[in-house]
Amino acid sequence: MVSLAQLAVFVPAAALVALSPGANNILALQHGMRFGAGEAVIALAGRLSAFLVMLGLAAAGLAAVLTRSQAVFEAVKWAGVAYLAYLGVRSIAGRGGSDRTIERSAGDAVAGRLVRARREFLTVAANPKALLLFTAFLPQFVDRSPPVSGQLIVLGLIYIALELAAAAGWAIAGERLTLAGLGARARRRVDQAVGGVFLGLAGLLAASKR
């Protein structure tokens, strides 16, 4: 269905996109720092869910319809700007321990994991550029001979696998930073820097055009 020639071009390009320091990978880094790589990887279930929904929409042709609608695009875009700004302010304000508080009050780790997975899901879902990944990036590598939707699904699943592997790498890097023995002040500065990155990404998204 997908030829080796297609994969030879697609996989390196997709890996570069997946490894880029976007909002989701910065979030994985932060989760890894605060809760360890294992917990950060569990939270990736939220990102996986969001990408699978987008891939399903793309395969059904609905994503292209949504991205052509200026009103829908703008609504999702500004929701994404607001959410990234929220994450930035939250990180700068030192709200990183709130997940731990949730876990203690709930009596188990499930509530905290759900919060982090939801954060991963919303960071993808509230970014229209993520939807464009499946409507503009993936189709460049599809052979126009049928079945096009089948090729799109295969390439999409490969991209999602690469995305999750890259995110795990970011999570491990975050855990390593913590294990390096960063003091409370240093961790606070890192959180502030991450918050600044989120605010910067919010600004870039706000200034971006379709």
> How long is the span from the CG atom in Leu157 to the CG atom in Leu152, to the nearest 0.5 Å?
Replying inline: 9.5 Å
> Say you draw a straight line from OH of Tyr83 to CG of Leu201; how long is it, rounded to the nearest 0.5 Å?
Replying inline: 13.5 Å
> Considering all heavy atoms of both residues, which atom of Ala23 and which atom of Leu84 are nearest to each other, and what is their separation?
Replying inline: CB-CD2, 3.5 Å
What side-chain donor-acceptor pairs closer than 3.5 Å can you find for residues 164-176, not counting sequence neighbours?
unit_1 : atom_1 : unit_2 : atom_2 : d
Trp170 : NE1    : Leu19  : O      : 3.3
Glu175 : OE2    : Ala37  : N      : 3.1

>> Could you measure the distance from the CG atom of Asp143 to the CG atom of Leu155? Nearest 0.5 Å is fine.
In response: 10.5 Å
> For Leu114, which residues count as a side-chain contact (heavy atoms from CB on, under 4.5 Å) partner, sequence neighbours excluded?
Replying inline: Val110
> Do Tyr159 and Leu52 belong together in a cluster built from hydrophobic side chains that touch within less than 4.5 Å?
Replying inline: yes
> How many angstroms lie between OG1 in Thr135 and CG in Leu57, if you round to the nearest 0.5 Å?
Replying inline: 10.5 Å
> Between Val194, Leu87, Asn25, which is the residue that forms a side-chain contact (heavy atoms from CB on, under 4.5 Å) with Gln30?
Replying inline: Val194
>> Going by ring-ring contact (aromatic ring centres under 6.0 Å, His included), name the residues that satisfy it together with Phe51, two or more places apart in sequence or in a different chain.
In response: Phe134
> For Gly88, does its backbone N or O pair with a side-chain atom of Ser91 as donor and acceptor, under 3.5 Å?
Replying inline: no
> Are Val17 and Ile153 linked, directly or through other ILVMFWY residues, by side chains that come within less than 4.5 angstrom of each other?
Replying inline: yes
>> Can you tell me how far apart CD (Glu39) and CZ (Arg113) are? Round to the nearest 0.5 Å.
In response: 4.0 Å
>> Any side-chain to backbone donor/acceptor pair from Glu120 onto Arg116? Under 3.5 Å, distance only.
In response: no
> Sequence neighbours excluded, which residues qualify as ring-ring contact (aromatic ring centres under 6.0 Å, His included) partners of Phe141?
Replying inline: Phe10, Phe137
> Is the shortest heavy-atom distance from the side chain of Ile158 to the side chain of Leu7 under 4.5 Å?
Replying inline: yes
> If you group Ile, Leu, Val, Met, Phe, Trp and Tyr by side-chain heavy-atom gaps below 4.5 Å, do Val81 and Tyr86 land in one group?
Replying inline: yes
>> Give me the atom names and distance for the closest heavy-atom approach of Gly32 to Ala40.
In response: N-CB, 3.7 Å
>> As an exercise, state the distance from CG of Asp191 to CE of Met33, rounded to the nearest 0.5 Å.
In response: 5.5 Å
> What residues form a side-chain hydrogen bond (donor to acceptor under 3.5 Å, both in side chains) with Gln6, not counting sequence neighbours?
Replying inline: Ser3, Gln151
>> Check for me, please, whether Val11 and Leu16 land in the same ILVMFWY cluster - side-chain distances under 4.5 Å, paths through other members count.
In response: no
Name every donor-acceptor pair, under 3.5 Å, that has one atom in a side chain of residues 121-128 and the other anywhere in the protein, sequence neighbours excluded.
unit_1 : atom_1 : unit_2 : atom_2 : d
Thr123 : OG1    : Arg119 : O      : 2.7
Asn127 : OD1    : Lys129 : N      : 2.9

